[in-house]
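Below is one structure, written out as structure tokens; the observations come after it.
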Amino acid sequence: MRFFKYLSIALVAMTMVACSDDEPKNTFTREFNMIYPQLPAGHKMISKIERSQENGGSSVAVIDYDGNNHVEKITATYYDKSGSEYNKEVIHFDYKNGAIICDKKIQPVTYSFEVNNRGAITRLANVSSSRTAAALAYSYDNELEAAQVVSPSQTDLTIVNWNNGNIKYWKFNSVVESDSVAYDYSRGIANKGGIDIYANNPFTFTLLVCEVMRNAGLYGATNAMLPNAVMKDGTEDPETGQMVLKNYTINYDLDSDGYVKSYTVNVVPKLTVRYTYR
């Protein structure tokens, strides 16, 4: 397939990292010319994302911006069913040196990044090891087509199929597991704010962090439309051997201008995601 020409050969996995609230201890500097994403008219930057499950589990991401309206810091906090915090990560963006910094209490971790001519990240590398952590390939329309991560034990590859500016489906494969998710857009709801769609596959960072980065254009184009249903949680049909996906409806609460205030997915437990814009 055409996207393989964009992928780096030697890759290693980058783990999800839990971070402290301290300012980043970054010593990484280099000559770097950041190209910032050009977002479409009507796009809205997000200042907070709140995810809550019907059983009580929840998470929240708070986003800080610099004076030029670029994402400066993401603070993602995770709570269990009792409301107790069990994880927090703080991600800092250094556009001057092309770095994403997570200041861990035990050991700080810094990742350098490269971008294409539209400001989408094409490579993430662990600064301490100089090894590539992830390689991403985009179409001519700046739509993410493939994301690959490789560790000593396995190779992870996510392939994304687009149609008319929307993700039709994505597939994930590694030596130990595989997954796929498909979307239905029959209702025709415009994605005016440029939010990430539900169940988009996260990689390198956690789901909340990836959602903010997609909204900021750092992972390329966002969906033109909002899906009204998602097909996932596949099980194998014992008679045909085919993978059968479960269908979950998505209901949106829009403001008077057509921007998403929240949406609810009919999964178990039921999930609601709320947005606060800048």
Worksheet item: Can you find a pair of side-chain heavy atoms, one from Y183 and one from N166, that are under 4.5 Å apart?
Response: no

Fill in: Side-chain donor/acceptor of Y95 to backbone N/O of V71, under 3.5 Å
yes

Practice prompt. May I ask you to decide if L254's main-chain N or O and Y263's side chain share a donor-acceptor pair within less than 3.5 Å?
Written response: no

Discussion item. If we count only N and O atoms by modelled type, under 3.5 Å, do the side chains of Y185 and N164 hold a donor and an acceptor together?
Written reply: no

Practice prompt. Decide whether D184 and S186 meet the rule of one side-chain donor and one side-chain acceptor closer than 3.5 Å.
Written response: yes

Worksheet item: So, H70 versus F93, ring centres under 6.0 angstrom or not?
Response: no

Worksheet item: Does the side chain of Y169 reach to within under 4.5 Å of the side chain of L245, using non-hydrogen atoms?
Response: no

Worksheet entry | Backbone N/O of K44 and side chain of N215: donor-acceptor pair under 3.5 Å | yes

Fill in: Check: Y277 side chain, V260 main-chain N or O, donor-acceptor pair, under 3.5 Å
yes

Worksheet item: Do F203 and F172 have ring centres separated by under 6.0 Å?
Response: no

Worksheet item: Would you say the side-chain atoms of Y79 pair up with the backbone N or O of S52, donor to acceptor, closer than 3.5 Å?
Response: no

Worksheet item: Is a side-chain N or O of R30 found less than 3.5 angstrom from the main chain of N97, in a donor-acceptor match?
Response: yes

Worksheet entry | Under 3.5 Å: donor-acceptor pair, side chain of K192, backbone of D257 | yes

Item to complete: Look at the rings of Y78 and Y86 and say which category their plane angle falls in: under 30° parallel, 30 to 60° tilted, over 60° perpendicular.
Response: tilted

Worksheet entry | D66 (side chain) donor-acceptor with N68 (main chain) under 3.5 angstrom | yes

Worksheet item: Angle class for the F113/F32 ring planes (parallel below 30°, perpendicular above 60°, tilted otherwise)?
Response: perpendicular

